[in-house]
Amino acid sequence: MQILKLLLKNSFRHKLRTSLTVFGITIAILAFGLLRTVVSAWYAGVEASSATRLITRNSISIIFFLPLSYKEKIRQIPGVKNISYSCWFGGIYISEKNFIPNFAVDAKTVFELWPEFVLTDKQKNDFLHDRKACVAGRKIAEKYGWKIGDTITLRGTIFPGNWDFTLRGIYKGAYKSSDETQFFFHWDYLNESMKKTSPNRADQVGWYVVGVKNPDLAADVAAAIDKTFKNSLAETITETEKAFQQGFVSMTEAIVIAVRIVSFVVIIIIMAVMANTMAMTARERIGEYAIMKTLGFGEWHIAGLIFGESLIIAFTGCAFGIAATYPAANAFGDAMSTYFPIFNVQSETIYMDIAASLVVGLVAAVFPAWRAVKLSIADGLRRIG
Amino acid sequence: METKTAIVQIKNLFKSYKRGSQIIPVLQDITLDIADNEFMALMGPSGSGKSTLLNLIAGIDKVDSGSVSIEGIDITSLSETELAKWRSSHVGFIFQFYNLIPVLTAFENVELPLLLTGLSRKERKEHVRMALQIVNLTDRMDHYPSQLSGGQQQRVAIARAFVSDPAILVADEPTGDLDRVSAKEILDLMERLVHELGKTIIMVTHDPRAAEKAHIIRHLDKGVLNANTQAAS
Ligand SMILES: Nc1ncnc2c1ncn2[C@@H]1O[C@H](COP(=O)(O)OP(=O)(O)O)[C@@H](O)[C@H]1O
Ligand SMILES: [Mg+2]
């Protein structure tokens with residue numbers, strides 16, 4: 001028999017008490033993990049966005065368009081590497097509750113500006129050569145069971161009518177943080193229709209996406225673009241994609257802070273529960289610790305037994321909690337995919353789970369261990385004798 | 001009677017406890033020699049300080065003044081850590097309520113003190129088997145304390161007390177919780193430890209039958225040791 005065996009036997013001595021405590025820690029770690037994941041999902045758009053991409057939009061509002069003629073003018077500004085453009089289409093797939101972000105894009109340049117959307121060369125080529133082609137992210141293709149070659153119909157809202165597209169590609173995200181829920185098709189296809197049905201809406205784009213040669217000079221390029229269109233019919237605002245996304249997120253900063261605080265409160269609560277369990281346990285075992293001291297076991301052995309037991313319970317709960325976090329996050333992410341296109345448990349969250357459990361285990365053991373170490377053997381023996 | 005060397009030498013020992021602002025004197029000016037290989041019984045009314053004296057001899061409590069020398073070592077001058085180490089190899093304990101660790105089997109309970117030694121797993125196993133053989137419990141070594149009778153638990157506790165081969169065993173009312181038959185078994189066993197293994201035993205008891213087994217009986221009354229040494233049977 002080794003001390004470790006005694007440690008394990010001690011830990012699971014009160015099966016009900018230990019199980020309840022482990023269960024409590026499991027739930028706390030699970031809650032902590034999910035809340036942290038919500039926070040990072042909140043920022044996922046910002047994280048995924050690139051600092052080398054600029055967004056140029058109408059200075060009045062994102063819902064106002066810009067003329068297609070700006071494209072060549074922007075391209076000629078020094079520091080600009082490449083340019084693409086998109087337009088929010090706002091089409092509905094079958095029902096309004098199926099939220100799919102869908103855009104009309106410049107098929108020739110879209111993958112140049114978004115290298116994180118990965119497509120096979122064949123699919124890329126098929127998309128480029130079919131006017132009515134569309135490309136969908138892996139996640140939504142899976143969700144709606146779309147296969148290459150399927151016809152997908154979107155009901156237009158901003159652009160009336162039913163629009164049929166042929167799925168020519170399903171892209172994957174290059175990174176875990178890449179959004180795999182987007183849907184896009186040829187802006188040319190949209191524009192041709194507009195030319196026929198409402199010519200005043202033709203040759204308009206939602207925004208330009210500008211790649212810069214040197215990210216350090218992104219601010220200068222942005223200023224140069226906006227200066228070019230100063231006093232023209234449609235003035236522009238240009239900012240990095242990150243700043244653009246950050247603008248959305250900062251509006252909700254208070255909620256994010258609240259979620260963060262709650263995640264730590266959960267840990268503090270479980271720390272109190274755990275400390276109570278350890279205090280009860282150590283009080284009951286005072287006599288046994290006295291016996292062990294009598295046999296010659298030192299302060300470090302006794303403290304080791306109490307800290308060890310506390311850590312075993314905390315880490316058992318932690319392991320269950322982490323194991324539960326992944327399926328729970330998947331289920332949560334699927335249910336909430338409309339709001340959180342990226343809902344991945346990050347490795348930092350797991351490290352924080354482990355760190356939190358370590359702290360909970362240590363803190364809970366400090367007081368009982370101190371008492372057990374300080375208690376004189378004669379006093380300890382009197383309690384059992 | 002041949003003269004034996006004293007293995008325990010207590011000189012002018014005083015001990016008191018504080019309870020709040022009160023000081024309760026428990027032992028007063030105890031001077032006592034215990035010879036090697038002795039089986040001594042310590043008797044006296046409840047509260048007279050028997051357990052306290054036993055604890056001081058075993059190095060689990062601190063004297064106020066005076067000295068306690070065991071095998072020539074003044075244990076009152078040792079630090080906590082030194083004392084713990086000393087206890088693990090020099091003294092074995094037997095309690096009234098056995099005080100086995102409930103989650104450990106008989107074997108593991110006996111093995112416990114050996115974990116503090118440098119013995120290998122195999123050596124420990126041999127020592128434990130031998131000890132359990134002496135107390136005649138090899139067939140129960142995988143039983144937990146709750147699966148053993150009181151007498152059997154006390155035999156396991158005795159095996160635990162001598163497994164690390166200390167010269168001295170202290171026993172605080174070892175038969176106090178046992179029926180007559182079991183008590184006799186325990187006393188016979190302790191007698192064997194003195195005769196066959198050469199141990200020195202100091203036993204606190206209320207039981208006259210237990211005291212009969214001892215070579216010497218000393219009486220403690222209100223913290224004072226009676227002068228007359230009564231030789232038992
Ligand atoms: N740790 C202690 N704190 C305070 N008083 C104690 C303590 N230990 C013993 N006493 C007191 O010392 C006296 C002797 O106790 P003890 O040695 O246990 O007696 P006995 O074993 O002879 O019954 C008693 O009055 C008891 O209340
Ligand atoms: Mg007593």
Side-chain angles (χ1 to χ4, degrees), chain A residues 1-19 277-278 280-306 308-310 312-313 369-385, chain B residues 15 17 26 51-52 54-56 58-62 79-117 121 124-125 128 144-145 157 160-161 163-164 166 170 172-173 176-177 204:
Chain A
M1 182 206 61
Q2 286 91 25
I3 287 289
L4 197 66
K5 200 160 150 196
L6 177 59
L7 204 53
L8 282 172
K9 284 180 162 189
N10 268 342
S11 303
F12 297 96
R13 198 144 150 186
H14 282 282
K15 295 209 170 53
L16 183 64
R17 185 195 294 165
T18 303
S19 310
T277 300
M278 285 315 295
M280 279 203 290
T281 302
R283 192 159 45 233
E284 284 170 6
R285 307 237 173 102
I286 278 294
E288 280 170 39
Y289 296 139
I291 301 293
M292 292 191 68
K293 281 187 178 182
T294 303
L295 296 177
F297 286 87
E299 298 178 351
W300 288 107
H301 291 112
I302 305 298
L305 279 176
I306 296 173
E309 183 169 347
S310 187
I312 284 175
I313 293 174
W370 179 78
R371 269 187 40 158
V373 163
K374 283 295 144 223
L375 185 96
S376 83
I377 301 177
D379 283 342
L381 289 177
R382 289 183 84 77
R383 302 203 186 186
I384 40 174
Chain B
K15 172 74 183 174
Y17 285 111
V26 180
S51 296
T52 304
L54 211 58
N55 288 346
L56 291 169
I60 57 176
D61 208 346
K62 287 275 178 196
S79 71
E80 271 315 317
T81 320
E82 290 168 331
L83 211 49
K85 201 164 184 288
W86 175 84
R87 279 197 302 273
S88 69
S89 52
H90 289 80
V91 62
F93 295 81
I94 301 156
F95 305 95
Q96 179 176 359
F97 299 107
Y98 336 123
N99 290 341
L100 300 174
I101 307 291
V103 284
L104 300 181
T105 62
F107 182 96
E108 291 163 346
N109 264 288
V110 176
E111 191 186 12
L112 202 53
L114 297 181
L115 296 179
L116 294 169
T117 65
R121 200 194 183 86
R124 291 202 304 264
K125 205 169 164 173
V128 174
Y144 286 92
R160 179 178 69 183
V163 71
S164 51
V170 298
D172 198 345
E173 305 190 32
D177 202 46
V204 166

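To find a chain, count down the sequence lines: A is the first, B the second, and so on, and within it residues start at 1. Values in this document were obtained by computation on a predicted structure and should not be read as measured data. Scope of the values below: all heavy atoms of this structure, side chains included, with no hydrogens, waters or symmetry mates.
Using a 4.5 Å cut-off between heavy atoms, Ser376(A) does not touch chain B at all. Contact of Leu116(B) with chain A is made through the side chain alone, with heavy-atom distances under 4.5 Å.
Within the 4.5 Å cutoff, no side-chain heavy atoms of Phe93(B) are placed close to those of Ile291(A). Residues Thr294(A) and Asn99(B) have side chains not in contact (no heavy-atom distance under 4.5 Å, counting atoms from C-beta outward).
Between Asn10(A) atom CG and Ile101(B) atom CD1 the span is 8.0 Å, to the nearest 0.5 Å. Atom CD1 in Ile60(B) sits 10.5 Å away from atom CG in Asp379(A) (nearest 0.5 Å). Distance NZ/Lys5(A) to CD/Glu108(B): 4.0 Å, rounded to 0.5 Å. Here the straight-line distance linking atom CD of Glu80(B) with atom CD1 of Ile377(A) works out to 7.0 Å at 0.5 Å rounding.
Taking each heavy atom of Gly296(A) and Ser88(B) in turn, the nearest pair found is CA-CB, 4.0 Å. Between Pro102(B) and Glu288(A) the shortest heavy-atom distance is CD-OE2, 3.4 Å. Nearest heavy-atom pair across Arg87(B) and Lys293(A) is NH2-O, 2.9 Å.
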Original post:
Should Lys9(A) and Leu104(B) be marked as a side-chain contact (heavy atoms from CB on, under 4.5 Å) after you check the CA-CA gap, both sets of side-chain angles, and the distance that decides it?
Top reply: CA-CA 8 Å; Lys9(A) 284 180 162 189; Leu104(B) 300 181; 4.1 Å; yes
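If you run side chain to side chain contact (heavy atoms under 4.5 Å, CB included) between Leu115(B) and each of Ile3(A), Leu295(A), Leu6(A), only Ile3(A) comes through.
Residue-environment remark: CD (Glu82(B)) exceeds the threshold of 12 foreign heavy atoms within 6.0 Å.
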